[in-house]
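Presented below is the structure to which this report refers.
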Amino acid sequence: MRIALDGPSGAGKSTVAKAVAKRLGIVYVDTGALYRSIGLYVQRKGISKDDKENVIACLGEIQLDLKFVDGTQIVLLNGEDVGGFIRTGEISMYASAVSAIPEVRTFLLETQRKIARENSVIMDGRDIGTVIIPDAEVKIFLVASAEARAERRYKELIEKGEECTYEGVLADIKERDNNDSTRAVAPAVPAKDAIFLDNSNLNQEQTIDKVIEIINDKTEVKKKPKKKKRRFYRVVKFLLGKIVGFFLGVRVKNKNKEVFDKPFILCANHTSLLDAIVIVIAMKNQIRYMGKKEIFKIPILNLFIKAMGAFPVDRKKGDVAAIKKTLEILKGGECVGIFPQGTRRPYQNPRDTEIKEGMGMMAARAGVGIVPVYIKNKKGKVKWFHKNTVIIGDYISPEEIAFPELSGREKYKAIADYAFDKVCSIGEEWKDKK
Ligand code: DC
């Protein structure tokens with residue numbers, strides 16, 4: 001999940017973003033800190049903030065890295081943690097000036113996009129929804145009147161014991177607003193599909209609640225899908241079991257575990273196209289699978305696979321829609337089958353596959369458990385006229401895979417690895433058993 005939180009200085013973006021990141025277990029990225037670090041470098045070198053040429057010339061000397069320690073972002077400017085130096089009024093003005101230089105923005109573009117590609121994030125900035133992550137799932141533009149923001153900032157400064165006047169703070173805010181929103185590149189303007197939130201009259205808690213509400217509204221599944229009549233599924237499953245099951249020599253081990261009364265993700269090793277059929281035959285719960293969008297266009301087959309509960313995924317567009325659909329199904333109380341190895345790997349020890357975190361993300365976000373299943377066959381893949389054994393493992397509960405010390409991508413990866421390790425262990429345990 002990627003959340004873009006844009007808006008002018010002082011609207012409270014960072015406080016909101018931190019709180020949201022904590023609640024959702026995702027990474028908070030403060031992109032302003034990157035511009036501030038460049039501003040700091042320029043100021044330390046004694047270069048005027050308006051001296052574009054020299055600012056651009058500096059970029060080659062700058063290495064910026066972001067680290068996340070316990071969910072807190074640390075900016076390293078040429079290896080130095082500069083967190084303590086970039087929040088002054090002077091550096092704010094430097095940051096605003098350097099951020100208007102296109103070369104500076106290009107310099108920071110990939111750093112920001114890379115983080116958004118690799119993590120579930122809430123990013124706060126000015127151009128996150130328009131430039132950095134234009135396809136973010138949620139875009140919010142947080143504003144407050146210049147007066148309300150000046151009032152808050154003034155109070156903060158006075159509490160810190162800094163000397164200032166309300167008028168001075170207001171003038172600074174207006175100047176930065178003007179710089180940031182009128183610059184030629186990536187001005188701080190809302191994306192067309194951003195949700196506008198004015199918090200002039202809201203306190204911090206109310207703002208956070210409102211933002212969470214918007215995120216839930218955008219990403220949550222509101223209505224439970226109707227339980228469809230599964231008569232067709234049951235008939236086909238029966239016939240598959242009798243006819244195909246016979247020719248595939250399907251045997252099921254740990255039959256007592258076939259039925260689970262909760263929704264779950266079925267996680268299995270993947271050796272053959274026939275794996276999904278073998279699992280459908282073996283399990284009492286209906287297991288729904290994602291299928292390539294293209295096969296849903298083939299007449300008759302299309303009706304058949306739809307009636308069997310398969311749902312389409314568009315591989316080219318990325319899988320946001322498929323993930324949403326999967327979450328919808330799981331939250332609706334049904335089960336989804338996933339082969340976390342991604343592609344079929346016949347004749348291969350499943351332990352040799354690097355597992356992606358997708359399955360973990362779906363289990364965590366839907367709050368469901370995982371059932372590990374091992375498909376065992378003599379020939380290294382499911383084949384007609386050979387014995388194919390489906391061994392059903394113990395249900396892994398959501399509590400077992402909560403991993404509270406981890407968050408975001410790390411947590412999802414840990415869940416996926418944990419479940420797939422169980423799959424492999426079943427295979428090892430049953431290696432010589434009949
Ligand atoms: O959010 P902030 O106040 O820490 O940002 C400092 C400056 O950096 C601000 O004046 C505008 C600029 N900025 C930007 O242009 N684009 C971003 N994504 C983030 C900040």
Side-chain angles (χ1 to χ4, degrees), residues 2-18 20-21 27-43 49-50 52 55-56 59 62 64 66 72-75 77 82-116 121-134 136 139-144 146 149-150 152-154 156-157 169-191 194 199 207:
R2 288 136 333 139
I3 304 166
L5 182 64
D6 290 304
S9 325
K13 298 190 298 292
S14 65
T15 316
V16 169
K18 262 183 221 156
V20 170
V27 174
Y28 161 51
V29 188
D30 166 12
T31 61
L34 296 168
Y35 292 93
R36 287 175 179 270
S37 300
I38 295 183
L40 176 71
Y41 188 84
V42 168
Q43 183 255 12
K49 61 184 171 39
D50 303 312
K52 283 188 191 156
V55 172
I56 295 168
L59 295 176
I62 297 177
L64 281 178
L66 290 184
T72 306
Q73 170 180 303
I74 294 174
V75 199
L77 169 62
V82 288
F85 307 107
I86 57 176
R87 306 262 160 231
T88 65
E90 187 188 6
I91 298 303
S92 298
M93 286 305 181
Y94 267 83
S96 180
V98 301
S99 70
I101 303 172
E103 285 79 357
V104 170
R105 305 204 73 84
T106 311
F107 179 75
L108 292 177
L109 188 72
E110 190 43 32
T111 309
Q112 297 171 79
R113 285 197 175 151
K114 186 164 183 280
I115 301 170
V121 290
I122 176 160
M123 269 192 169
D124 106 37
R126 304 293 185 287
D127 59 342
I128 310 301
T130 48
V131 179
I132 308 296
I133 341 174
K139 296 181 188 179
I140 299 173
F141 202 80
L142 186 64
V143 293
R149 287 180 284 138
R152 293 173 196 161
R153 183 85 187 121
Y154 174 69
E156 258 174 43
L157 293 173
V169 174
L170 179 61
D172 276 1
I173 282 193
K174 285 188 173 168
E175 187 183 338
R176 279 178 67 197
D177 278 0
N178 189 46
N179 286 352
D180 297 345
S181 59
T182 57
R183 66 183 175 216
V185 277
V189 292
N199 74 353
T207 310

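Whatever order the structure lists ligands and atoms in, that order sets their numbers, starting from 1.
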Margin query: Which residue and atom name correspond to the protein heavy atom nearest atom 19 (C) of ligand 1, and how close is it?
Written below: Thr31 OG1, 3.4 Å
Item checked: Minimum side-chain heavy-atom gap Phe85-Leu77 below 4.5 Å -> no
Margin query: I'd like to know if the side chain of Glu103 reaches the main chain of Ile56, judged simply by a donor and an acceptor atom lying under 3.5 Å from each other, with no hydrogens or angles considered.
Written below: no
Next item on the list: Look only at the side chain of Lys139 and the backbone of Gly129, and say whether a donor-acceptor pair between them is shorter than 3.5 Å.
Entry: yes
Margin query: Tell me whether ligand 1 is touched by Met123 - counting only heavy atoms on the residue side and a distance under 4.0 Å.
Written below: no
Notebook entry, point to check: Does a side-chain N-to-carboxylate-O contact under 4.0 Å join Asp172 and Arg153?
Noted result: no
Notebook entry, point to check: For ligand 1, which atoms have a heavy atom of Asp180 less than 4.0 angstrom away?
Noted result: 9 (C), 10 (O), 11 (C)
Item checked: Nearest protein heavy atom with distance in Å, relative to atom 7 (C) of ligand 1 -> Ala95 CB, 3.7 Å
Notebook entry, point to check: Does the side chain of Tyr35 come within less than 4.5 Å of Leu108's, by heavy atoms?
Noted result: yes
Item checked: Contact (N/O only, under 3.5 Å) between Arg183 and ligand 1 -> yes
Next item on the list: Would you mind listing which atoms of ligand 1 come within a distance below 4.0 Å of any non-hydrogen atom of Ser96?
Entry: 10 (O)
Next item on the list: Could you list which atoms of ligand 1 come closer than 4.0 Å to a heavy atom of Arg176?
Entry: 2 (P), 3 (O), 5 (O), 6 (C), 9 (C), 10 (O)
Check: How far is atom 8 (O) of ligand 1 from its nearest protein heavy atom, and which residue and atom is that?
Finding: Tyr35 CB, 3.5 Å
Next item on the list: Please confirm whether the backbone N or O of Ala33 pairs with a side-chain atom of Ser37, one donor and one acceptor, at under 3.5 Å?
Entry: yes
Next item on the list: Flag the pair Leu109 / Ile132 as yes when at least one side-chain heavy-atom distance between them is below 4.5 Å, and no otherwise.
Entry: yes
Check: Would you say Asp127 has any N or O atom under 3.5 Å from an N or O of ligand 1, going by distance alone?
Finding: yes
Check: Please state which protein non-hydrogen atom is closest to atom 4 (O) of ligand 1 and give its distance, to 0.1 Å?
Finding: Arg36 NE, 2.7 Å
Check: What residue and heavy atom of the protein are closest to atom 9 (C) of ligand 1, and at what distance?
Finding: Arg126 NH2, 3.3 Å
Checklist line | Minimum-distance protein heavy atom relative to atom 16 (N) of ligand 1 | finding: Arg105 NH2, 3.0 Å
Notebook entry, point to check: Any sub-3.5 Å donor-acceptor pair from Arg149's side-chain atoms to Ala144's backbone N or O?
Noted result: yes
